[in-house]
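Here's the structure, in structure tokens; my notes come after.
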Amino acid sequence: DMASAFIGKLMPVYVALQSTKPTTAAATQYIRWGAVRDREFGPELDEVDATTDTSNGVFRESLSTFATHDVSLSGVTSTKAADTLDEVEDYFYDKMRAAEQVEVWVKIFRPSSDATNVYRSYEFPANTKTFKITGTYDDVSTWSSDLSGTGAVTVADGTANTPQNVTPP
């Protein structure tokens, strides 16, 4: 049923340019990371090989060890202030100059499959690993950024968890 599908534009990304978790009272610490075209995120578990000479058959045995929540974002390089690209880029360079971790808090929304809740949100701390701008001669200038989750992900349903009390599009 295509009526239940949704487009990526309905998945806004917010970021708090700080290492401490934004509080409910300070929800305005989140800004919309604008001009995003592509977003990919999700958990990943590292595994170690636990296969021994007494393992059953020819299949490897694995143990999960560490988890992360990686995020890859890309979009159009925009000069609109509302897209906050300069703010995100300045934060990245300021932290690098100070030889500090480029820690942020990320909050991503997507439409929910729950009939009573409009959106599902994912909130977690992350280290920003890259922030790149590409300027192809005969195409629109783009940017990309990769982040690696550094803590637990809070998954919540509803609209009350929207940053700045703004309902996502």
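We number each residue from 1, following the sequence as shown.
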Rounded to the nearest 0.5 Å, what separates atom [atom1] in [X] from atom [atom2] in [Y]?
X: Thr154; Y: Trp105; atom1: OG1; atom2: CH2; result: 6.5 Å
X: Leu147; Y: Phe131; atom1: CG; atom2: CZ; result: 10.5 Å
X: Asp46; Y: Leu63; atom1: CG; atom2: CG; result: 12.5 Å
X: Phe124; Y: Thr68; atom1: CZ; atom2: OG1; result: 8.5 Å
X: Ser145; Y: Leu73; atom1: OG; atom2: CG; result: 6.0 Å
X: Ser121; Y: Lys107; atom1: OG; atom2: NZ; result: 4.5 Å

Taking the inter-plane angle between the rings of Phe41 and His69 on a 0 to 90° scale, is it parallel (under 30°), tilted (30 to 60°) or perpendicular (over 60°)? tilted
Check the orientation of Tyr14 and Tyr30. Use parallel for under 30°, tilted for 30 to 60°, and perpendicular for over 60°. perpendicular
Is it the case that over 12 heavy atoms from other parts of the model lie below 6.0 angstrom from the CZ atom of Arg97? yes
Taking atom CG as the centre, does Asn56 end up with more than 12 heavy-atom neighbours from other residues, nucleotides or ligands that are less than 6.0 angstrom away? no
same_hphob_cluster([X], [Y]) at 4.5 Å side-chain heavy-atom cutoff:
X: Met96; Y: Val15; result: yes
X: Val76; Y: Trp33; result: no
X: Val13; Y: Val155; result: yes
X: Leu45; Y: Val48; result: no

Taking side chain as C-beta onward, heavy atoms only, is [X] less than 4.5 Å from [Y]?
X: Val88; Y: Asp90; value: no
X: Arg32; Y: Pro12; value: yes
X: Glu47; Y: Thr65; value: no
X: Val102; Y: Asn127; value: no
X: Phe92; Y: Glu89; value: no
X: Val104; Y: Tyr91; value: yes
X: Gln29; Y: Gln18; value: yes

Run the side-chain contact (heavy atoms from CB on, under 4.5 Å) check on Glu44 and Asp70 step by step: do they pass? CA-CA 7 Å; Glu44 183 174 328; Asp70 290 335; 4.0 Å; yes
Shortest non-hydrogen contact from [X] to [Y]?
X: Ala152; Y: Pro125; value: O-CD, 3.8 Å
X: Gly34; Y: Leu85; value: O-CD2, 3.9 Å
X: Asp38; Y: Val36; value: O-CG1, 3.5 Å

State whether Asp146 and Lys129 are salt-bridged, where the test is any N-O pair (Lys NZ or Arg NE/NH1/NH2 against Asp/Glu carboxylate O) under 4.0 Å. no
Donor-acceptor pair, side chain of [X] and main chain of [Y], under 3.5 angstrom:
X: Arg37; Y: Ala35; answer: no
X: Arg39; Y: Met11; answer: yes
X: Ser78; Y: Lys80; answer: yes
X: Thr51; Y: Glu61; answer: yes

side-chain contact (heavy atoms from CB on, under 4.5 Å) between Glu103 and Lys95: does it pass, once the steps are laid out? CA-CA 9 Å; Glu103 296 174 292; Lys95 290 294 187 176; over 6 Å; no
Below 3.5 Å, can you tabulate the donor-acceptor pairs from side chains in residues 132-139 to any protein atom, sequence neighbours excluded?
none

So, Thr77 versus Thr142: side-chain donor-acceptor pair below 3.5 Å or not? no
Compute whether any side-chain donor of one residue and acceptor of the other, for Ser144 and Ser74, lie under 3.5 angstrom apart. no
